[in-house]
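Numbers for residues simply follow the sequence, beginning at 1. Heavy atoms only: backbone and side chains are in, while hydrogens, waters and symmetry mates are out.
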Amino acid sequence: NANNVKSPVSTYSAVENGNPMQFILYADGTGYENYKGTEKRPFTWKSKDGKIFFMYNGEAQEWELPVNVEKGEIVYGSLVYKKE
């Protein structure tokens, strides 16, 4: 039942070498990555089989975004993004 799934929609933030790193997910299935505060990388995202997948605009490659909705974090690479 999809109604039991908590929404991943939020802003998730981390810091890498003093630079802000964020994933922002909007309810309409869009969002963007704030890369080191210098670059916004827009993407679209969807929920599939209890996981979140995203694709950067203009790219065909689909990536899994490892969101732990219960804990409010994304563990991506070596960073832990915390829900704001």
Please set out all donor-acceptor pairs under 3.5 angstrom arising from side-chain atoms of residues 71-83, sequence neighbours excluded.
| from | atom 1 | to | atom 2 | distance (Å) |
| --- | --- | --- | --- | --- |
| Glu73 | OE1 | Lys82 | NZ | 2.5 |

Which pairs would a plain distance check flag for residues 11-21, meaning a side-chain donor or acceptor within less than 3.5 Å of a matching protein atom at least two apart in sequence or in another chain?
| from | atom 1 | to | atom 2 | distance (Å) |
| --- | --- | --- | --- | --- |
| Tyr12 | OH | Pro8 | O | 2.7 |
| Ser13 | OG | Gln22 | NE2 | 3.0 |
| Ser13 | OG | Glu84 | OE2 | 2.5 |

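Remark: Ser47 OG to Phe53 CZ distance equals 9.0 Å, nearest 0.5 Å. Taking CG from Leu25 and CD1 from Ile52, the interatomic distance works out to 7.0 Å, rounded to the nearest 0.5 Å.
With sequence neighbours left out, Lys46 forms a salt bridge (Lys or Arg N to Asp or Glu O under 4.0 Å) with Glu62. Annotation: salt bridge (Lys or Arg N to Asp or Glu O under 4.0 Å) contacts of Glu64 (sequence neighbours excluded): none.
Although no hydrogens or angles enter the test, the distance criterion places a donor-acceptor pair under 3.5 Å between the side chain of Asn68 and the main chain of Glu70.
For residues 26-46, the set of pairs meeting the ring-ring contact (aromatic ring centres under 6.0 Å, His included) definition, not counting sequence neighbours, comprises Phe43-Phe54. Applying the salt bridge (charged side-chain N to carboxylate O under 4.0 Å, His left out) definition to pairs two or more places apart or across chains, those involving residues 22-34 are Glu33-Arg41.
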